[in-house]
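FYI, the numbering just counts along the sequence from 1.
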Amino acid sequence: MDQNVLSGNLLNRCLHQIYEQILTGDHETGLRSVERLIYLVRYISRPAGSMTTVGKELRAISEVFHIHQMQLDMDRIQQGLDQIVPVGSLLYEICQHGIELIHGGCQLSSLRVVTGETQITYTFTGNGKAYGGTINGGSGQWPAE
């Protein structure tokens with residue numbers, strides 16, 4: 001799917017949350033969420049094909065879940081945070097999956113991300129269950145450190 005469509009979908013979901021926060025009178029949370037949204041817009045507005053690190057992708061993912069009022073315990077991996085990946089390569093898939101789980105009634109509690117040379121796996125936990133996936137980068141797409 002086109003990166004602009006993915007970006008638009010993610011930002012629309014975040015805007016909907018912010019609108020809800022403000023509409024229900026939670027103005028302080030709404031304002032903090034707007035600041036997080038500004039960070040996200042700046043982060044994903046990079047030119048197509050831009051590269052970033054796994055650590056920066058995880059920060060963007062954290063911002064999305066804060067906007068959705070989910071305080072996920074993110075298992076901060078120490079290895080692989082400097083691994084180079086395309087901007088949005090983790091953000092879109094992980095956030096889409098997590099937001100779908102939230103809308104399905106799952107109370108997410110944690111996110112664990114494990115990096116590999118050509119793939120990255122992620123696992124959410126919530127409601128006593130684990131949900132996850134694998135993001136394949138293809139051979140050589142994600143160069144090792």
Side-chain angles (χ1 to χ4, degrees), residues 1-23 26 29-127 129-145:
M1 189 176 276
D2 183 312
Q3 185 172 349
N4 289 330
V5 172
L6 293 171
S7 299
N9 287 342
L10 182 61
L11 294 176
N12 280 335
R13 286 177 175 240
C14 290
L15 282 169
H16 178 74
Q17 272 306 120
I18 294 168
Y19 177 70
E20 236 179 77
Q21 292 163 2
I22 293 171
L23 192 61
D26 194 356
T29 301
L31 288 174
R32 281 193 308 273
S33 292
V34 167
E35 291 172 356
R36 294 178 195 288
L37 183 68
I38 291 168
Y39 170 82
L40 282 172
V41 168
R42 288 182 176 150
Y43 179 75
I44 62 179
S45 295
R46 299 176 185 185
S50 293
M51 302 301 274
T52 190
T53 65
V54 168
K56 289 179 182 174
E57 283 283 287
L58 290 177
R59 163 128 192 254
I61 290 166
S62 176
E63 297 296 341
V64 169
F65 286 106
H66 275 98
I67 290 171
H68 284 81
Q69 300 303 294
M70 284 298 202
Q71 305 300 322
L72 288 181
D73 176 21
M74 292 183 68
D75 187 1
R76 292 292 180 174
I77 54 174
Q78 298 302 314
Q79 189 175 348
L81 289 177
D82 292 332
Q83 185 174 349
I84 303 297
V85 296
V87 170
S89 59
L90 307 180
L91 176 67
Y92 302 128
E93 185 166 336
I94 292 174
C95 288
Q96 177 70 20
H97 192 174
I99 291 169
E100 286 176 12
L101 290 168
I102 292 167
H103 287 296
C106 185
Q107 290 294 330
L108 298 178
S109 57
S110 69
L111 171 63
R112 177 174 166 71
V113 176
V114 179
T115 61
E117 204 169 307
T118 61
Q119 67 181 17
I120 294 175
T121 59
Y122 65 93
T123 307
F124 289 103
T125 56
N127 296 355
K129 296 181 181 177
Y131 311 87
T134 301
I135 302 167
N136 293 310
S139 181
Q141 183 176 350
W142 297 338
E145 299 177 272

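Within 6.0 Å of the OH atom in Tyr19, the count of heavy atoms belonging to other residues, nucleotides or ligands does not exceed 12.
The aromatic rings of Tyr43 and Tyr39 sit parallel to each other, their planes meeting at less than 30°, with 60° as the upper class boundary.
Rounded to the nearest 0.5 Å, atoms OG1 (Thr121) and CZ (Arg112) are 7.5 Å apart. Between Arg59 atom CZ and Leu91 atom CG the span is 12.5 Å, to the nearest 0.5 Å. We find the CD-SG distance between Glu100 and Cys106 to be 12.0 Å, quoted to the nearest 0.5 Å. A distance of 8.5 Å separates CD of Glu93 from OG1 of Thr134, quoted to the nearest 0.5 Å. Atom CZ of residue Arg32 and atom CD1 of residue Ile18 lie 12.0 Å apart, to the nearest 0.5 angstrom. To the nearest 0.5 Å, the span separating CD1 on Ile22 from CG on Leu31 amounts to 6.5 Å.
Looking at His16 and Glu20, their side chains do bring a donor and an acceptor atom within 3.5 Å of each other.
The shortest side-chain heavy-atom distance between His68 and Ser33 does not fall under the 4.5 Å cut-off. The shortest side-chain heavy-atom distance between Leu108 and Ile102 falls under the 4.5 Å cut-off. A heavy-atom distance below 4.5 Å is found between the side chains of Gln96 and Arg13. Contact of the Ile44 side chain with the Tyr92 side chain is registered, since non-hydrogen atoms from C-beta on lie closer than 4.5 Å. Counting only heavy atoms from C-beta outward, the side chains of Val113 and Leu111 approach each other to under 4.5 Å. Proximity of Val64 to Ile94: side-chain heavy atoms (C-beta onward) are nowhere separated by under 4.5 Å. The shortest distance between side-chain heavy atoms of Thr52 and Val85 falls below 4.5 Å. Proximity of Ile99 to Leu10: side-chain heavy atoms (C-beta onward) are separated by under 4.5 Å at one or more points.
The backbone N or O of Gly88 lies less than 3.5 Å from a partner atom in the side chain of Glu57, making a donor-acceptor pair. Formation of a donor-acceptor pair under 3.5 Å by the Asn127 side chain with backbone atoms of Gln107 is found in this model. Thr125 places no side-chain N or O within 3.5 Å of a backbone atom of Ser109 that could act as its donor or acceptor partner.
Between Thr115 and Ile120, the shortest heavy-atom contact is CA-CG1, 4.1 Å. Considering all non-hydrogen atoms of both residues, Gly98 and Phe65 come closest at CA-CZ, 3.8 Å. The two residues Val54 and Leu90 come nearest to each other via the heavy atoms CG1-CD1, 4.1 Å. Listed here is the closest heavy atom pair of Leu37 and Ile67: N-CD1, 3.8 Å. Taking all atoms of both residues into account, the shortest heavy-atom contact from Leu40 to Cys14 is CD1-SG, 4.2 Å. Considering every non-hydrogen atom in both Thr123 and Ala130, the closest pair reads CG2-CB, 3.9 Å.
Here the rule is side-chain hydrogen bond (donor to acceptor under 3.5 Å, both in side chains) with His66, and of Gln71, Gln17, Glu35 only Gln71 fits it.
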Go through it in stages, so that I can follow the logic: the residues are Gln21 and Thr29, the test is side chain to side chain donor-acceptor pair (under 3.5 Å), and I'd like the CA-CA distance, side-chain angles, deciding distance and then a yes or no.
CA-CA 7 Å; Gln21 292 163 2; Thr29 301; 5.8 Å; no
